[in-house]
Amino acid sequence: MAWDTGLDKGSVAYGIAAAPEPRVRVIAGPGTGKSFAMKRRVAKLLESGIAPKEVLAVTFTRVAAEDLHRELQKLGTPGCEELEGQTLHSLAMRILSRKHVLEAVGRFPRPLNTFETKAMICDLAGDNGGKRKVKKLIQGYTAAWAQSQGDEPGFAKDGAEKKLQADLLDWLDFHQGMLIGELIPYLVRYLKDNPAAAEHNEFKHLLVDEFQDLNKAEQTAIAYLGAAAEVCIVGDDDQSIYSFKNAHPDGIREWKGIHPGCADLKMVDCHRCPTTVVEMANALIAVNKNRTPRALNALAVKGPGEVAIVQVPYLHNEAEWIKSKIEGLLSAGVHPSEIIILVQRAVAGKPILQALRVAEIPAKSYYEESQLDSETAQMRFALFKLFLNNEDRVALRYLLGSDVDDFRCKSYARVRKHCENSGDSPWQAMNKLVDDALTLAHTKPLVARFQLLTEALGELEAVKGDVQSFIDQLLPDGDDELAELRALALVQMEGAETPADLLTGMMQEITQPDIPPTVEEVRLMSLHKSKGLSSPYVFVAGCVEGILPPAFDPEWSKDEKDAALEEARRLFYVGITRVKADPENGRPGSLFISYPQQMTIKDAYGANVAFKTQSGPMANLLPSRFLNELGPTAPKAVAG
DNA sequence: GGGAGAGACGTTTTT
DNA sequence: CGTCTCTCCC
């Protein structure tokens, strides 16, 4: 298929696909067909003889990357199967793993699993004002990198920050690991410090989707990678919802000014939502002050759709209401995969998931526990890593203290000191301690722990020839805490000939779970996760003050509060524009917005929902202010 | 390294 | 409201 098959020459999509300028910015509202346009642009590039590996298509979330990847595969243009849609993080990981880059950067791109950072935090806590403080400072450290605007990014402001940064980098350097938050800053640093590096010219064309979700560091990475290339960015400042990682709608707004001569295109025809939803979305987003006025264009062929706003007495009634509504839909022939439920708090999602499960409606929650939630599972997983690589310092350090609250940080510090002075690795030092070739005061419990670990490793060694027995040894059947991890191992066992293959497969699935191309269930997820999706039946639940918008930190200034409020409004905007109208196939496009009057005080505290009054054990909730901002087309709220 | 009591804090996300 | 974390004491 030629790139312009069926494309009207006057259409924006044609303009985007064919834009000859080296810098192209596309502002595309929800449902306006930006992926379609991007796909055609890639097709045109390939047809003009650009090699697939010279085209970089990146986006921010894995779901979006996967989607883009699949879309690119479907192109049917020769070479399209070699195209990659990837996240900026995976690209950073790939580049930083190259030998010459590794040497230039001087860091090991071995990301820490979240549970492994617990040991690190304990080690840093003593000298840096406690665990809470350290956690905050670490966040600041990655944020400082991410906000990097000038030439000297990442410089700590005060003494405490400097101290933490120095200790943290020492720790990561010694343990040969890296925080995920460091991937992009180090990529930027590598590109900045090595202007002659081949990576600057690796791509001839960059296509960046969801640009509004990139923070300054990520934008800078794109700028370096694309300096010698043609760059097309696509996004929507009205859908910028990642301020907590320092992404800001101004990023995409300012981009045009930074690149003179940049082609600037807008997609405003909403080919997804029913007209009522488009009008509601327009009314809602127009309330935001810090924004260039712009409206989505409703298409009459989509029909008005069906919108309901429902208030129920208690949180569990909301679940019941949604469940019965869904039962009705399913019996009318709707497939579960056509339904998505958006909730911004896990507590609001739990009763809904439970109600669906009880009613035997296939449902999948993106809030559900993962394989590494239990401590036992974390330890076994770390043990697995250590088994395959005794010199995995992060895994060893974690395991040496994972059975006690303080991670034995004091005695471990003595071992580390010895290592730094002698050049021994922690594994070597621990073995010397066991063999009495080395003595260090106050390390007895640590050595005892190490001996337990080596015993466990020995037991694994004995069965490593057979993957099934290996799994039975590492993740024995019948342990509830290991059940999920074991199930994962058994799935990954297929095609794994050695424990090493098995770990690779499990790592892959844990850190970047496969996103199945087809879904069979009703999906329950956060508003953030819903970005990029669309569905004929969309429920937005838990629309109360304190969740949407979330409670404001009393420390915030008025500006900060306003910014948070506007972002929450954008989040709701993203949510309601997930509705897909397909009237020809009996799918008018249905949006159900619901909110409870009360929830238990416990739930309210747990979800950080601010409430003003209470009645017995229940907190009285206020309807989200956004419900009043949906304009005259929105239906009146009804009791459910 | 463990236990008791006081105080802080709670969301959304990226390999 | 519950859970985590810190401090103080043995």
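When reading the values below, keep in mind they use all heavy atoms of this one structure, side chains included, and skip hydrogens, waters and symmetry mates. Letters A, B, ... mirror the listed sequences (proteins, then strands); counts begin at 1. It should be emphasised that the depicted structure is a prediction, and the values quoted were computed from it without experimental measurement.
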Base, sugar-phosphate alone, or nothing: which one does [X] contact when heavy atoms must sit under 4.0 Å apart?
| X | answer |
| --- | --- |
| Asp406(A) | sugar-phosphate |
| Pro445(A) | sugar-phosphate |
| Lys135(A) | sugar-phosphate |

Can you find a pair of side-chain heavy atoms, one from Arg570(A) and one from Gln239(A), that are under 4.5 Å apart?
->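 No. Closest side-chain heavy atoms not under 4.5 Å.
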Any idea which of dC9(B), dG1(B), dT5(C) is nearest the Lys131(A) side chain?
->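 For the Lys131(A) side chain, the nearest candidate turns out to be dT5(C).
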Hey, mind stepping through Arg189(A) and Tyr186(A) against side chain to side chain donor-acceptor pair (under 3.5 Å) and telling me if it holds?
-> CA-CA 5 Å; Arg189(A) 200 169 169 179; Tyr186(A) 271 90; 3.2 Å; yes
Nearest-angstrom distance, C1' atom, dG2(C) to dT13(B) =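 25 Å, rounded to whole Å.
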Less than 3.5 Å between a donor and an acceptor, one on the side chain of Arg132(A) and one on the base of dC4(C), is that the case here?
->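 Per atom types, the contact qualifies.
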Partner of Gln598(A) under side chain to side chain donor-acceptor pair (under 3.5 Å), chosen from Asn317(A), Asn620(A), Asp603(A) | Asn620(A)
Measure the distance from [atom1] on [X] to [atom2] on [N] and round it to the nearest whole Å.
| X | N | atom1 | atom2 | result |
| --- | --- | --- | --- | --- |
| Asn246(A) | dT12(B) | CG | C1' | 14 Å |
| Tyr605(A) | dC1(C) | OH | C1' | 7 Å |
| Leu342(A) | dT12(B) | CG | C1' | 13 Å |
| Arg449(A) | dG1(B) | CZ | P | 11 Å |
| Asp405(A) | dG3(B) | CG | P | 10 Å |
| Leu565(A) | dT11(B) | CG | P | 21 Å |
| Met599(A) | dG2(C) | CE | C1' | 16 Å |
| Phe407(A) | dC4(C) | CZ | P | 13 Å |

Which is it for Leu533(A) and Met525(A) under the side-chain contact (heavy atoms from CB on, under 4.5 Å) test, yes or no, and what are the steps along the way?
-> CA-CA 11 Å; Leu533(A) 292 178; Met525(A) 66 184 82; 3.5 Å; yes
Would you call the rings of Tyr398(A) and Phe407(A) parallel, tilted or perpendicular, where under 30° means parallel and over 60° means perpendicular?
->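 It falls in the tilted class, 30° to 60°.
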When you compare the protein's N or O atoms with those of nucleotides 13-15 of chain B, which come within less than 3.5 Å of each other, and at what distance?
unit_1, atom_1, unit_2, atom_2, d
dT13(B), OP1, Ser526(A), OG, 3.0
dT13(B), OP1, Lys529(A), NZ, 3.1
dT15(B), OP1, Thr87(A), OG1, 3.2
dT15(B), OP2, Arg62(A), NH1, 3.4

Closest-nucleotide ordering on DNA chain B, the 5'-leading residue of Lys136(A) and Ala346(A) =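 Its nearest nucleotide lies further toward 5', so the answer is Lys136(A).
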His528(A)/Tyr242(A) aromatic ring centres below 6.0 Å | yes
Arg414(A) versus Ala441(A), closest heavy-atom pair with distance = CD-O, 3.1 Å
